[in-house]
Amino acid sequence: MSTQQIKQDPLSILDNTFRAAIAKALGEEGNFDPVIRAAQNPKFGDYQCNAAMALAKSRGIKPRDLAERILAQVELGDVVESMEIAGPGFINITLGRAMLGRTIESMDDDRLGIPPQGDGHVITVDLCGVNVAKQMHVGHLRATIIGDSIANLHERLGWTVHRENHLGDWGLPIAMTMTALRNSGADLGQLTLDALNVAYRDAQLSGRSDVRGLEGAIAHGCGPHRIAELETQNEGAIENISDAKETLIALQSGDPELVAEWNALIDCTMREVFDTLGLLNVNIGPENNRGESFYKDKLAGVVETFIESGIGVEDNGAIVVRFEDRERPLLIRKSDGGFLYATTDLAAIRHRVHELKSERVVYVVDARQKDHFKDVFDGSRKMGWDKTPDGIESDLHHLPFGSVLGRDKKPLKTRSGENFTLRALLEEAIERGTGEVIARAEDFNAPTHGMTRDELESIGRAVGIAAVKYADLSSGVTRDYIFDLDRMIAFEGNTGPYIQYAHARISSILSKAEGEDIKWQNAGIQLDTAEEKQLGLAIMRYPQVILETAEQLEPHRLCTYLYDLANTYSSFYQCCPVLRNDDEDVRASRLRLCSMTRRILADGLALLGIESPSRM
RNA sequence: GCCCCCGUAGCUCAGUUGGAUAGAGCAGCUGACUUCUAAUCAGCAGGUCCCAGGUUCGAAUCCUGGCGGGGGUGCCA
């Protein structure tokens, strides 16, 4: 992914031209980065070339002299309107309006100027990651919507995308929950996820016992947090564990009754999970389920392979992988013969890279598992498991996201100390959004006035969900953030609804133009006013933003761009009458600018998993 | 103990990968609706970029050492 893939736009032309000019000016062979950047301040033009200073210094020339020599080599015709040298050796570039207009016209196709990157690129996105018998909570919000957005972006670029919902559907915790449910005589067919969740928690509390783990933790100087946690666990009963282990063994060996119960457990969980995912408007369904159980029969083989290659070694009865640069080993088999989540993750990497042939595997998992993924990735590299069948080194990438906190800056809990369910939070957001939409529809002049209750609720849902998702996606993924519905639903400034609103206003203009049978689809784009030109420059940047957002795995870059585009449009909207303009050519040009802006806003929002109502 | 992340305006955050006078939103103040949707726009005010060194033409950004907050740290996931 690089700028070179976008051929026709002024930015690429500037890049290529200055690249060549620098070599000529220096009289040297070589590929010099021309450091073309958008100007921060309009008084410095639209773009600038910042290469002269660094290059001049290392060659003992005056930067401004070098800038002069570079400029003498540059032949850009009408791509630029003017260029001048400023400050220590900046070359400020003002783009030609006609060329800019033609560039935007050329972007007016079904790809909006985004170059395809087809050729069989494959990516796996590990996202959502719900656990069977547990409610979705805010933690899953991020793993779901960030992952969905990353997947969307790569799809948009023509990649083959595997969305993998790595369910926690196997192992002792599940067996313990099943045992607890059996003992309580519950009817699995009638269970709600709430009841399941209670059973899960109770089973965890009553069953945890880990004397060896505690000793190890103390011996290895673990933090007080971990030690206290393990001590608490030890206070629980031990018998439950052996019960659960029996259940697990029976389940493992295919006991039909248990397998049926296990499936019922999954069905019960996923019914509600998919309801919630439906509210969230993400593209994740049953076809994306590939949980831990998928890998259960591969774990013994994984460990054996590691042992045979000498990379997995025995230590106190356990099998570990050691690394040269860290003390912490990677445990892949417990001393009691059981496997760990690292084992499953290794099997999953093997599958994703070797079977699915992914050249990129992105794990959208919270930041606390950073060390774990570092170890698992390095462990798989030691085995060469990061190589696709074609020998490509796969980019194994943990995308660590920060925690969602309550207003007290502590993990979000209800009064009684429970996790909020994600569904409850989303429903509240939808309620707030709907209330707002209905209130505004009461205004006789509102475009939504007179719409049916169903229509208004549909818009309200889109607005409420947009508020939550945009608030999450618009700040850097690694940061923690405070879940504050009041702020998210404020709908002013840098929010999802603000962008939706810009989209709705444009839609309104375009539908009026259609009603008046005004033709503009093939109009020449004119950028005579400052506002039109700024809008044109913003439109032009879209393809590059998409490439960078996908490459860097940073959805907030797209958010920042969309906000800037919506904002730039609003200034244009204020200053540049469209339908009211008497000049047919100007009117048609502006309509085409409106159309491009609307399509980019809708496309960008869609990539974030956010809907774009045409009225609100 | 060791490792990782974070620290930018009163609050919430950007900062184009080292460029010019550090930018937005919210909150505050001033102005703009008989007007294509005011969920808007134009403007004012607001800064020890945690601290101290270093690297260089140039540092919020890179390197070193501190301070403060959070997280992780061998048989849980």
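In what follows, chains are A, B, ... by sequence order, proteins preceding strands, each numbered from 1. Any value given below was found using the heavy atoms of this structure, including those in side chains, with hydrogens, waters and symmetry copies removed.
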**Q** How would you label the contact of A:Ala56 with the nucleic acid (heavy atoms, under 4.0 Å): base, sugar-phosphate, or nothing?
**A**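 Nothing: the residue A:Ala56, judged by heavy atoms under 4.0 Å, touches no strand.
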
**Q** Considering only the P atoms, how many Å lie between B:G7 and B:C51, rounded to the nearest integer?
**A**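 After rounding to an integer number of Å, I get 13 Å for this pair.
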
**Q** Just by protein heavy atoms under 4.0 Å, how would nucleotides 27-38 of chain B read 5' to 3' in B, S and -?
**A** --------BBBS

**Q** Ignoring hydrogens and angles, does a donor from either the side chain of A:Gln552 or the base of B:U17 sit under 3.5 Å from an acceptor on the other?
**A** yes

**Q** With a non-hydrogen cut-off below 4.0 angstrom, is A:Ala318 in contact with a base, only sugar-phosphate, or nothing?
**A** base

**Q** Let me know the distance between CD of A:Gln369 and C1' of B:A77, rounded to the nearest Å.
**A** 7 Å

**Q** Can you find a side chain N or O atom of A:Lys334 that sits less than 4.0 Å from OP1 or OP2 on B:C76?
**A** yes

**Q** Could you check which nucleotide pairs with B:A42 in any of the strands shown, counting Watson-Crick or G-U wobble with both distances under 3.5 Å?
**A** B:U30

**Q** At 4.0 Å (heavy atoms only), tell me whether A:Glu292 reaches a base, stays on the sugar-phosphate, or touches nothing.
**A** sugar-phosphate

**Q** If I pick the P atom on B:G70 and the same atom on B:G53, what distance separates them, to the nearest angstrom?
**A** 28 Å

**Q** If I pick the C1' atom on B:C5 and the same atom on B:G10, what distance separates them, to the nearest angstrom?
**A** 26 Å

**Q** Would you measure the distance from the C1' atom in B:G46 across to the matching atom in B:U30 and give it in whole Å?
**A** 15 Å

**Q** Consider the side chain of A:Val320, meaning its heavy atoms from C-beta on, and name the nucleotide among B:C4, B:G74, B:A20 that approaches it most closely.
**A** B:G74

**Q** If you go through the side-chain atoms of A:Asn316, does one of them form a donor-acceptor pair with the base of B:G74 closer than 3.5 Å?
**A** no

**Q** CD of A:Glu548 to CG of A:Leu558: how many Å apart, nearest 0.5 Å?
**A** 11.5 Å

**Q** When the C1' atoms of B:C13 and B:A22 are considered, how many whole Å apart are they?
**A**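 The same atom, C1', in both gives a distance of 14 Å.
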
**Q** Give one of base, sugar-phosphate or nothing for A:Asn567, where a contact means two heavy atoms less than 4.0 Å apart.
**A** sugar-phosphate

**Q** Taking pairing as Watson-Crick or G-U wobble with both contacts under 3.5 Å, can you name the mate of B:G1, or confirm there isn't one?
**A**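 Base-paired to B:U73.
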
**Q** Considering only atom C1', compute the distance from B:U55 to B:U64 and round it to an integer number of Å.
**A**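 Comparing C1' positions in B:U55 and B:U64 gives a spacing of 11 Å.
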
**Q** Treating primed atoms plus P, OP1 and OP2 as sugar-phosphate and everything else as base, which nucleotides of nucleotides 10-16 of chain B get B, S or - for protein heavy atoms under 4.0 Å?
**A** --SSSSB

**Q** Whole angstroms only, please: what is the CG-P distance between A:Leu399 and B:C4?
**A** 19 Å

**Q** Which one is paired to B:U21, where only Watson-Crick or G-U wobble pairs with both distances under 3.5 angstrom count?
**A**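 Answer to the pairing question: none, since B:U21 forms no Watson-Crick or G-U pair.
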
**Q** Report the distance from atom CG of A:Leu331 to atom P of B:C75, rounded to the nearest whole Å.
**A**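 A:Leu331 atom CG is separated from B:C75 atom P by 7 Å.
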
**Q** P atom, B:U56 versus B:C50: distance in rounded Å?
**A** 23 Å

**Q** Under 6.0 Å from the ring centre and within 45 degrees of the ring axis: does the NZ or CZ of A:Arg505 meet both conditions for the six-membered ring of A:Tyr573?
**A** yes

**Q** Is the distance between the ring centroids of A:Phe377 and A:Tyr363 less than 6.0 Å?
**A** yes

**Q** Just so I know, are the side chains of A:Leu608 and A:Lys469 near enough to count as touching, which here means a heavy-atom distance under 4.5 Å?
**A** no

**Q** Taking atom CG of A:Leu330 and atom NE2 of A:His372, what is their separation to the nearest 0.5 Å?
**A** 8.0 Å

**Q** Looking only at atom P, what distance separates B:A14 and B:A77, rounded to whole Å?
**A** 34 Å

**Q** Across all strands shown, which nucleotide pairs with B:G47 by Watson-Crick or G-U wobble geometry, both distances under 3.5 Å?
**A** none

**Q** If you find the nucleotide of RNA chain B closest to A:Gly87 and the one closest to A:Ala342, which residue's nucleotide is nearer the 5' end?
**A**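 Result of the comparison: A:Gly87.
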
**Q** Calculate the interatomic distance between A:Asn41 atom CG and B:U21 atom C1'; express it in whole Å.
**A**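 The distance from CG of A:Asn41 to C1' of B:U21 comes to 8 Å, rounded to the nearest Å.
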
**Q** Considering every strand shown, what is the Watson-Crick or G-U wobble mate of B:G68 when both distances are under 3.5 Å?
**A**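 Pairing partner, where one exists within any strand: B:C6.
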
**Q** Taking atom types as they are modelled, is there a donor-acceptor pair under 3.5 Å from the base of B:A20 to the side chain of A:Asn92?
**A** yes

**Q** Take atom NE2 of A:His372 and atom P of B:G74, then tell me their distance rounded to the nearest Å.
**A** 14 Å

**Q** Taking any heavy-atom pair under 4.0 Å as a contact, classify A:Phe90: base, sugar-phosphate, or nothing.
**A**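 The residue A:Phe90 makes base contact.
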
**Q** Name all residues meeting the ring-ring contact (aromatic ring centres under 6.0 Å, His included) criterion together with A:His397; count only those two or more places apart in sequence or in a different chain, and write none if there are none.
**A**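 So A:His397 forms no ring-ring contact (aromatic ring centres under 6.0 Å, His included) with any residue.
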
**Q** Return the nucleotide paired to B:C62: Watson-Crick means purine N1 to pyrimidine N3 with N6-O4 or O6-N4, wobble means G-U with N1-O2 and O6-N3, both under 3.5 Å.
**A** B:G54

**Q** Under the criterion of centre distance below 5.5 Å and interplanar angle below 30°, is A:Tyr563 classified as stacked on the base of B:A24?
**A** no

**Q** What is the separation between atom CG on A:Leu330 and atom P on B:G72, rounded to the nearest whole Å?
**A**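 Whole-Å distance recorded here is 19 Å.
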
**Q** Going through the checks in order, is the ring-ring contact (aromatic ring centres under 6.0 Å, His included) test met by A:Tyr498 and A:Tyr501?
**A** CA-CA 5 Å; A:Tyr498 171 89; A:Tyr501 180 68; 7.5 Å; no

**Q** In whole angstrom, what separates A:Asp169's CG from B:A77's C1'?
**A**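 From A:Asp169 CG to B:A77 C1': 13 Å.
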
